[in-house]
Amino acid sequence: MGNACCAAEEVKTTQKDITEKSGPPKSAAEDVVPATKAAGGAKKEWTIKVEKKQGKKLGIDVDLSAGDFLVVEAITDGLVQDWNKAHPDKAVKEQDQIVAVNGTKGKSEELAGVCQKDDVLEMLVVRE
């Protein structure tokens with residue numbers, strides 16, 4: 001009914017789709033670190049681990065503008081969605097922050113680069 005759509009041409013310049021990678025992605029693994037709450041209980045953090053196989057994409061769109069972490073903008077078909085189905089108590093949702101990937105912390109561009117390059121991804125996710 002509205003006149004807006006979610007076309008690729010409308011993606012914000014600060015948003016980056018990290019689901020694309022040259023070469024075939026691989027599959028999801030099932031390791032997880034239990035979620036913990038920070039002091040005051042306001043912040044929840046946990047680790048997810050996925051393995052790229054079987055031609056699947058990672059399946060998340062992220063915003064790089066925060067500078068030192070990735071903000072999940074959308075969950076699409078792929079490994080993270082598979083993780084969410086298998087681990088509903090540790091599901092990644094929109095607006096969650098990915099603060100480390102395979103031990104790399106810092107610039108969001110570096111985190112996105114690790115997501116594109118590595119076949120096994122261990123991501124530290126924070127929800128406030």
Side-chain angles (χ1 to χ4, degrees):
M1 295 298 225
N3 54 6
C5 73
C6 298
E9 296 81 29
E10 296 179 38
V11 174
K12 297 182 263 180
T13 58
T14 58
Q15 182 177 352
K16 181 169 183 162
D17 180 356
I18 61 172
T19 63
E20 298 295 322
K21 177 185 172 189
S22 59
K26 317 276 180 212
S27 98
E30 297 193 6
D31 292 337
V32 67
V33 174
T36 59
K37 293 214 175 191
K43 191 183 282 191
K44 178 179 175 182
E45 65 180 51
W46 66 99
T47 300
I48 73 165
K49 187 174 181 181
V50 296
E51 183 179 350
K52 298 177 191 170
K53 291 189 196 178
Q54 302 170 347
K56 283 202 167 189
K57 296 180 180 181
L58 185 54
I60 57 174
D61 295 338
V62 297
D63 184 344
L64 303 173
S65 66
D68 57 352
F69 54 86
L70 305 173
V71 177
V72 177
E73 291 286 313
I75 308 289
T76 60
D77 188 42
L79 299 173
V80 173
Q81 188 176 69
D82 292 347
W83 169 271
N84 287 350
K85 289 177 184 174
H87 306 91
D89 58 326
K90 307 218 180 353
V92 178
K93 298 181 181 179
E94 291 180 8
Q95 299 308 308
D96 283 347
Q97 301 169 1
I98 300 172
V99 298
V101 181
N102 293 349
T104 298
K105 293 183 177 183
K107 293 185 177 183
S108 49
E109 291 86 2
E110 292 174 9
L111 297 174
V114 174
C115 289
Q116 292 171 338
K117 175 180 61 109
D118 293 357
D119 286 335
V120 177
L121 302 173
E122 189 169 310
M123 298 184 277
L124 179 60
V125 181
V126 173
R127 181 176 302 146
E128 294 190 23

Non-hydrogen atoms of [X] and [Y] that approach each other most closely:
X: Cys115; Y: Leu58; answer: CB-CD2, 4.1 Å
X: Arg127; Y: Ala91; answer: NH2-O, 2.8 Å
X: Val71; Y: Ala66; answer: CG2-CB, 4.3 Å
X: Trp83; Y: Val50; answer: CB-CG1, 4.2 Å
X: Ala100; Y: Lys105; answer: CB-CG, 3.6 Å

In this structure, would [X] and [Y] fall into the same cluster of hydrophobic residues linked by side-chain contacts under 4.5 Å?
X: Leu124; Y: Val114; value: no
X: Ile75; Y: Leu111; value: yes
X: Leu64; Y: Phe69; value: no

Within-4.5 Å side-chain heavy-atom neighbours: Lys93 and Val72:
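Heavy-atom side-chain distance check fails, nothing below 4.5 Å.
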Check whether any side-chain heavy atom of Val101 lies under 4.5 Å from a side-chain heavy atom of Asp118, and answer yes or no.
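A side-chain contact under 4.5 Å is absent here.
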Nearest-0.5 Å distance that lies between atom [atom1] in [X] and atom [atom2] in [Y]:
X: Leu79; Y: Leu121; atom1: CG; atom2: CG; answer: 8.0 Å
X: Leu70; Y: Lys107; atom1: CG; atom2: NZ; answer: 14.0 Å
X: Gln97; Y: Asp63; atom1: CD; atom2: CG; answer: 11.0 Å

For the side chain of [X] and the backbone of [Y], is there at least one donor-acceptor N/O pair under 3.5 Å apart?
X: Asn102; Y: Glu122; answer: yes
X: Asp61; Y: Glu73; answer: no
X: Ser108; Y: Asp68; answer: no

Among Met123, His87, Lys90, side-chain contact (heavy atoms from CB on, under 4.5 Å) partner for Trp46:
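With Trp46 as partner, side-chain contact (heavy atoms from CB on, under 4.5 Å) holds for just one option, Lys90.
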